[in-house]
Each structure stands twice: as C-alpha cells, then as structure tokens.
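Data first, discussion second: the structure below is written as structure tokens.
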Amino acid sequence: MPELPEVETVASGLRRTLVGRRIVTVTVRERRLRRPIPHDLAALVSGRAVTSVSRHGKLLRLALDDDGLELVMHLGMSGTVRVQDDSGGLRRHDHVMMALDDGRAVIFHDPRRFGLITVRAAGGAAAEPLGVDPVNGGFTADLLGAVTRGRRRPIKNLLMDQSLIAGLGNIYANEILAVAGVRPGRASGRLSRGQREAIVAATRDVLDAAIRRGGSSISDFHDASGRQGAFQTRFLVYDREGEPCRRCETSIRRRVLGGRSTYYCPRCQR
DNA sequence: CGCACCCCCTGCCGGC
DNA sequence: TGCCGGCAGGGGGTGC
C-alpha cells in the first residue's frame with residue numbers, strides 16, 4: 001500500500017495532530033515486525049514531545065524533544081497509522097499505541113507485519129542508504145542520466161530501487177512510466193534524453209496529483225483520520241490488465257518484472 | 001552488477 | 001460451504 005504519496009498523506013495528518021504534543025505512554029502489543037521493535041523503545045519515547053514530523057521516501061520520522069532522538073516508522077505493505085480520541089478500542093493487528101498528553105492516541109496497525117518502528121539518533125546512520133526523495137527535490141534529468149548510464153536493468157526496476165530514488169513503489173513506478181510514455185522493460189541506459197526528462201516530469205506530476213487526492217486506497221489504506229485516498233480511480237495502467245488504454249483504447253498488458261506485476265499500454269509506451 | 005528465487009506475514013479472491 | 005493456490009502497495013538474503 002504505502003508508497004510516497006500515502007506516507008506523505010499520513011505524515012501531513014500526524015503533523016497537524018502531533019507536533020507540540022507529548023507522548024505519555026507507549027504500549028507495544030506485538031514487537032515482531034520486519035525487525036523486532038527494540039525493547040527500550042517505550043522507555044526512550046515516553047515523556048518526550050514531538051517537535052516535527054517529516055518523511056523521506058517511505059520513511060516517517062518523528063523528531064522528539066530537541067535532543068536528537070527520532071522515532072522512525074515504515075508502513076511496509078499493509079501498515080496504517082490512525083489517531084483516535086482515546087486510548088481504548090484497540091483492534092487486532094494494532095501493534096503499538098502511543099497515548100498523548102491531550103488524551104488522544106496514535107496507533108500503528110499492520111496485519112502483515114512487514115513494517116518497522118524504531119528509535120535512533122536524529123539524522124543518524126540509517127539502516128540502509130536512501131536515495132533522493134523525488135518530492136523534496138534532487139530528482140532531475142541529470143541525476144537520472146547519471147544513475148542510468150551504462151545500466152541494462154529495466155527502468156521500472158531502477159525507479160523502484162530505494163537506494164537510488166526513495167519512495168516509488170509498484171503502483172507509482174507503473175503510473176509514472178505510463179504518463180512518460182516509456183516501456184517498463186526498457187533498458188535504463190538506453191533511454192533518450194527526452195525520455196529521461198519525461199520520466200522526471202511525470203514523476204513530479206503523478207506524485208503531486210496523488211498527494212492532492214490523499215494517496216491511493218487499495219484494500220483499506222487510510223490517512224491518520226481514517227479517510228480514504230482517491231487516486232486509485234485515476235490509474236492509467238495499474239491493475240488494469242485487459243482494460244482499454246484511456247488514450248488509445250489498446251488493451252493494457254501485464255508482465256512480471258523484478259517479481260512484480262507490471263502494466264503498460266503497448267501502443268502508448270515505447 | 002542485477003537477476004531469479006527464496007523468505008518474512010495475513011487477508012482476500014477465484015476456482016473447484 | 002470449504003479448501004487451496006495465487007496474489008497483494010514492502011524489504012532482505014542467497015546464489016548464479
């Protein structure tokens with residue numbers, strides 16, 4: 001579910017409700033996520049105030065007090081975060097509950113447990129190096145030229161490589177290439193300059209449009225207030241195998257690339 | 001270097 | 001109905 005636009009949507013909601021609030025208690029009900037939640041997380045976070053909420057790629061970061069500590073969250077495939085008015089009413093797969101000083105509570109929910117919650121020194125060593133964030137700037141045709149030069153891997157796989165560009169997942173990589181008119185299987189190093197420029201422009205346009213609509217809700221993604229996104233109704237190709245291309249009516253094709261379902265219009269994308 | 005293939009885990013959907 | 005396989009927005013590890 002959560003790619004950059006969805007994480008940005010969650011971050012905006014958390015920013016409004018959380019900045020300036022103090023986290024009073026942290027309850028960990030299930031620590032077996034992608035990596036186990038550290039045993040000292042509750043002790044480190046309890047009693048601290050959230051001073052800012054930021055996002056890099058698909059990572060959510062809550063800065064705590066001003067002493068250089070931050071809470072890091074990743075929503076994995078099925079993670080959601082919600083804010084509710086009290087600290088009761090916990091449901092199945094609600095793994096962490098943070099009670100706030102205004103009586104409300106922030107809840108991390110993740111059925112598949114591919115998500116991540118940890119605490120670390122702010123700006124400190126990330127577990128893995130993250131590439132440029134395509135919304136916060138830095139994703140340019142020059143950069144794309146530099147990271148694709150001499151590479152044979154399919155452009156879609158490269159766009160989804162978090163160590164190069166942080167935040168694109170399977171939905172948006174497919175959609176961006178559809179808007180840019182580029183075949184997902186195209187060898188990265190063989191793109192024309194015009195195609196690289198089209199991909200960079202499409203990335204900005206698709207992500208901006210998705211963020212404006214609160215992301216895409218497949219299954220049950222929602223923002224911190226429980227509202228669903230609306231971008232899924234505008235997909236050009238994702239999950240549209242056999243349906244007509246919205247531009248030329250040609251049947252959308254599906255193939256597997258890097259183990260992930262890949263959709264494209266064989267006529268509009270070259 | 002970059003792929004295929006395996007794993008992690010739950011839920012849902014379609015076919016039988 | 002139920003059971004089973006396949007698939008799903010994530011990432012990581014292995015071996016070729």
Side-chain angles (χ1 to χ4, degrees), chain A residues 1-11 29-37 55-60 72-81 91-96 108-118 126-131 134 146-178 184-190 206-207 210-211 213-223 228-242 254-263:
Chain A
M1 150 211 344
E3 304 181 34
L4 190 152
E6 291 75 38
V7 180
E8 179 65 31
T9 299
V10 171
R29 307 169 77 213
E30 171 62 80
R31 60 178 74 251
R32 296 172 301 165
L33 303 186
R34 192 202 317 166
R35 288 204 297 269
I37 296 176
R55 177 198 58 71
H56 185 101
K58 300 172 192 171
L59 272 193
L60 266 172
V72 175
M73 288 192 274
H74 190 292
L75 302 180
M77 196 82 115
S78 57
T80 54
V81 176
R91 313 198 267 255
R92 187 161 146 81
H93 306 308
D94 285 347
H95 304 316
V96 177
F108 178 89
H109 175 94
D110 184 9
R112 293 177 72 180
R113 291 193 272 121
F114 289 171
L116 196 62
I117 299 186
T118 193
E128 285 82 26
L130 271 190
V147 299
T148 52
R149 192 160 299 134
R151 300 288 161 83
R152 289 194 227 183
R153 68 193 299 202
I155 181 60
K156 174 168 176 267
N157 295 11
L158 186 139
L159 289 176
M160 291 176 65
D161 185 335
Q162 303 299 303
S163 70
L164 300 175
I165 301 141
L168 304 182
N170 200 34
I171 290 178
Y172 294 101
N174 274 300
E175 292 299 305
I176 285 164
L177 291 172
R186 193 63 178 275
S188 302
R190 303 190 63 176
V206 169
L207 295 181
I211 290 168
R213 287 168 181 76
S216 305
S217 287
I218 294 182
S219 132
D220 58 355
F221 173 76
H222 56 76
D223 68 11
Q228 305 236 311
F231 192 69
Q232 67 279 7
T233 63
R234 309 176 75 100
F235 290 162
L236 297 183
V237 292
Y238 182 79
D239 202 22
R240 296 195 65 238
E241 181 182 17
R254 172 185 183 272
R255 63 177 287 207
V256 175
L257 223 45
R260 314 294 296 275
S261 286
T262 301
Y263 305 89

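Please read all numbers here as calculations on a predicted model, not as lab measurements. So you know, we letter chains A, B, ... as the sequences are listed, proteins then strands, and number each from 1.
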With sequence neighbours left out, the residues meeting salt bridge (charged side-chain N to carboxylate O under 4.0 Å, His left out) with A:Arg32 are A:Glu30

Just wondering, do A:Phe114 and B:dC8 stack (centres under 5.5 Å, planes under 30°)? yes

Those residues at least two apart in sequence (or on a different chain) that pass side-chain contact (heavy atoms from CB on, under 4.5 Å) with A:Arg92 are none

Sorted by chain and number, sequence neighbours left out, side-chain contact (heavy atoms from CB on, under 4.5 Å) with A:Leu207 holds for A:Leu4, A:Pro5, A:Pro134, A:Val135, A:Leu168, A:Tyr172, A:Thr203

May I ask you to verify if any side-chain N or O of A:Arg32 is less than 4.0 angstrom from the OP1 or OP2 atom of B:dC8? no

Worksheet item: For C:dA8, does either OP1 or OP2 sit under 4.0 Å from a side-chain N or O belonging to A:Ser261?
Response: yes

Excluding sequence neighbours, so at least two apart, what forms side-chain hydrogen bond (donor to acceptor under 3.5 Å, both in side chains) with [X]?
X: A:Asp223; result: none
X: A:Arg240; result: A:Glu243
X: A:Glu175; result: none
X: A:Arg234; result: none

Can you name the atoms? Protein N/O to nucleotides 4-7 of chain B N/O, anything below 3.5 Å, with the distance.
none

In numerical order, the residues of residues 233-240 of chain A whose heavy atoms come under 4.0 Å of DNA chain C are A:Tyr238

With both pairing distances under 3.5 angstrom for Watson-Crick or G-U wobble, and | for a partner in another strand, the correct string for DNA chain C is .|||||||.|||||||

Listing, residues 150-159 of chain A side-chain donor-acceptor contacts under 3.5 Å, not counting sequence neighbours, or none:
from, atom 1, to, atom 2, distance (Å)
A:Arg153, NH1, A:Asp161, OD2, 2.9
A:Lys156, NZ, A:Asn170, OD1, 2.7
A:Lys156, NZ, A:Thr262, OG1, 2.9

Would you tabulate the nitrogen or oxygen pairs shorter than 3.5 Å linking the protein to nucleotides 11-14 of chain B?
from, atom 1, to, atom 2, distance (Å)
B:dG11, OP1, A:Arg92, NE, 3.4
B:dG11, OP1, A:Arg92, NH2, 3.3
B:dG11, OP1, A:His93, NE2, 2.8
B:dG11, OP2, A:Arg92, NH2, 3.1

